[in-house]
Amino acid sequence: MKRILTIAVLLVSILAFGNLYAQYSYNYEEMEQEEYNALLAEWQQRLQQAENNINDENAKIDALKGELDQTQGEIDATWEEIFQATGKTRADYDKYVGDLASMKNQAQGILSMSPEEIYRKMDEVDALQAKLDEMKQDPFAVMTDNAAQINSIQSLINSAKEKGKPAVPPTYTVVRGDYLWKIAAKSDIYNDAYAWMRIYTSNRDQIKDPDLIYPNQVFNIPREVGPNEHLVAKGEFLSKIAGYSNVYGSPFKWQKLYEANKDVVSDPNMIYPYQVLKIAR
Amino acid sequence: MSRFTKIVNLVIVILFTLSITSCGWKASEEEIKQLEETKSAALAAEKTYAEKQKEQADLEKELKTKKDELAKIKADRDKVLKRVAEIKASETE
């Protein structure tokens with residue numbers, strides 16, 4: 001028993017001794033004085049060097065911060081010059097930039113549509129172009145970022161206009177033996193003989209009499225109705241069409257519709273499916 | 001055993017005792033503490049220095065960006081002033 005106790009005391013002592021020295025990085029038990037002195041001198045030198053370096057860095061950092069503040073001050077002053085020259089404020093500038101960003105989104109949205117949808121929304125494209133033309137007149141328009149944004153929007157609008165052109169075939173060239181009924185019935189035209197009225201009303205400038213067409217005449221074959229047009233469907237009459245919200249929103253304005261289409265509507269009580277009526281704004 | 005032999009034996013015993021008890025130098029607690037503290041302080045200072053170097057590099061990058069921004073806004077200012085002058089000239093015509 002006494003022997004076990006002695007061994008245990010011995011083990012605990014060894015562990016305690018080991019822990020005491022474990023917290024140190026060196027084995028001090030076997031270290032000689034020269035080695036100790038060399039290590040101490042090395043660490044003191046490293047400490048001194050690091051402290052000197054920190055002081056140098058602090059000086060550089062302070063100088064950089066000073067230069068940064070000065071540069072920021074110059075930037076702010078330059079902006080002030082711009083605002084004074086234009087008679088506008090930072091809020092006006094932010095609004096201008098925000099408007100350009102939303103116009104770009106709108107142009108991208110239009111461009112992502114199908115050609116037929118773009119064609120139907122050509123009014124929207126024109127309005128966007130008008131707004132962009134107005135934005136181009138602003139003195140902010142010449143600034144680098146804004147000029148790039150304006151070019152980008154212009155390019156999107158141009159692409160949308162191109163994409164919105166009526167789908168293939170946009171035209172048809174009359175050959176000997178053709179008549180409107182026959183052309184409309186062709187599978188690559190309307191595949192519906194009754195749609196001859198659409199060819200007639202869409203080419204009023206060339207067709208005086210629907211029974212008289214000539215070889216080599218080139219007719220437009222619209223695939224979609226334009227933004228200021230209405231394609232008459234079966235069962236429609238002028239006051240009904242005038243009442244549509246996208247036309248005049250009031251059936252009582254049928255006369256306005258009639259006046260705009262007198263060249264193809266001889267009797268206001270007689271309109272035909274596939275007629276394309278102009279909507280005068 | 002002769003007296004000489006006794007003396008020699010005694011010297012041998014003394015030398016042996018000295019050698020096994022290692023009468024050489026050994027670091028005191030205070031010396032150990034000094035070395036350990038110096039080492040910790042040096043390592044901490046070196047770490048701080050590295051952080052300061054990074055801060056300096058970040059500031060240099062930020063300053064370059066700001067200087068580019070300044071050059072750009074100055075060029076823009078010149079364009080805007082020119083445009084404003086053109087607008088005023090066209091209004092007076």
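Predicted model only: the values in this text are computed from it and were never measured. Each chain gets a letter, A, B and so on, in the order the sequences are listed, and its residues count up from 1.
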Chemist: Determine whether B:Lys26 and A:Glu29 make a side-chain contact, defined as any pair of heavy atoms from C-beta on separated by less than 4.5 Å.
Modeler: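 Counting from C-beta outward, B:Lys26 and A:Glu29 do come under 4.5 Å.
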Chemist: Is chain A contacted by the side chain of B:Glu86, its backbone, both, or neither, given a heavy-atom distance below 4.5 Å?
Modeler: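 B:Glu86 has no heavy atom closer than 4.5 Å to chain A.
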Chemist: Using a 4.5 Å heavy-atom cutoff, which residues in residues 102-113 of chain A come close to chain B?
Modeler: none
Chemist: Would you verify whether the NZ or CZ of B:Lys39 falls within 45 degrees of the ring axis of A:Tyr26 while also being under 6.0 Å from that six-membered ring's centre?
Modeler: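 Judged by the rule, B:Lys39 and A:Tyr26 form a cation-pi pair.
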Chemist: Applying side-chain hydrogen bond (donor to acceptor under 3.5 Å, both in side chains), can you list everything that pairs with B:Asp68, at least two apart in sequence or on another chain?
Modeler: B:Lys64
Chemist: For B:Glu29 and A:Tyr28, does a side-chain donor sit closer than 3.5 Å to a side-chain acceptor?
Modeler: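 Absent: no donor and acceptor within the cut-off.
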Chemist: Tell me which one of A:Leu68, A:Ile75, A:Thr71 satisfies side-chain contact (heavy atoms from CB on, under 4.5 Å) with B:Lys67.
Modeler: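 Of all the options given, the one that passes is A:Thr71.
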Chemist: Write down the atom of B:Val80, the atom of A:Pro139, and the distance for their closest heavy-atom approach.
Modeler: CG2-O, 3.8 Å
Chemist: If I measure from the heavy atoms of chain A, does B:Ile73 come under 4.5 Å with its side chain, its backbone, both, or neither?
Modeler: both
Chemist: Salt-bridged, B:Lys74 to A:Glu74, with N to O below 4.0 Å?
Modeler: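 Salt bridge: yes.
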Chemist: Out of curiosity, A:Gln72 CD to B:Leu63 CG, how far, rounded to the nearest 0.5 Å?
Modeler: 11.0 Å
Chemist: Heavy atom to heavy atom, less than 4.5 Å: which residues from residues 39-66 of chain A reach chain B?
Modeler: A:Leu39, A:Leu40, A:Trp43, A:Gln44, A:Arg46, A:Leu47, A:Ala50, A:Asn53, A:Ile54, A:Glu57, A:Asn58, A:Lys60, A:Ile61, A:Leu64, A:Lys65
Chemist: Does this structure show an ion pair linking A:Glu67 with B:Lys66, if we count only N-O contacts that are shorter than 4.0 Å?
Modeler: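 Salt bridge flag = no for B:Lys66 with A:Glu67.
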Chemist: Which atoms of B:Leu81 are under 4.5 Å from chain A, going by heavy atoms: the side chain, the backbone, both sets, or neither?
Modeler: side chain
Chemist: At a heavy-atom separation under 4.5 Å, does B:Glu31 approach chain A through its side chain, its backbone, both, or neither?
Modeler: both
Chemist: Among residues two or more places apart or on two chains, list those pairs meeting ring pair (Phe, Tyr, Trp, His ring centres under 6.0 Å) that have a residue in residues 132-162 of chain A.
Modeler: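 Ring pair (Phe, Tyr, Trp, His ring centres under 6.0 Å) check on residues 132-162 of chain A returns A:Tyr93-A:Phe140, A:Tyr96-A:Phe140.
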Chemist: Quick check: are there more than 12 heavy atoms from other residues, nucleotides or ligands sitting under 6.0 Å from NZ of A:Lys136?
Modeler: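 Counting other residues, nucleotides and ligands, NZ of A:Lys136 exceeds 12 neighbours.
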Chemist: Which atoms form the tightest heavy-atom contact between B:Arg83 and A:Val142, and what is the distance?
Modeler: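 Answer, listing the atom of B:Arg83 first, then A:Val142: CD-CG1, 3.8 Å.
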Chemist: Please look at A:Glu32 and chain B and tell me whether the side chain, the backbone, both or neither of the residue comes under 4.5 angstrom of a heavy atom of that chain.
Modeler: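 Looking at A:Glu32, just its backbone touches chain B.
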Chemist: Near A:Lys256 NZ, under 6.0 Å, is it more than 12 heavy atoms from other residues, nucleotides or ligands?
Modeler: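 Yes.
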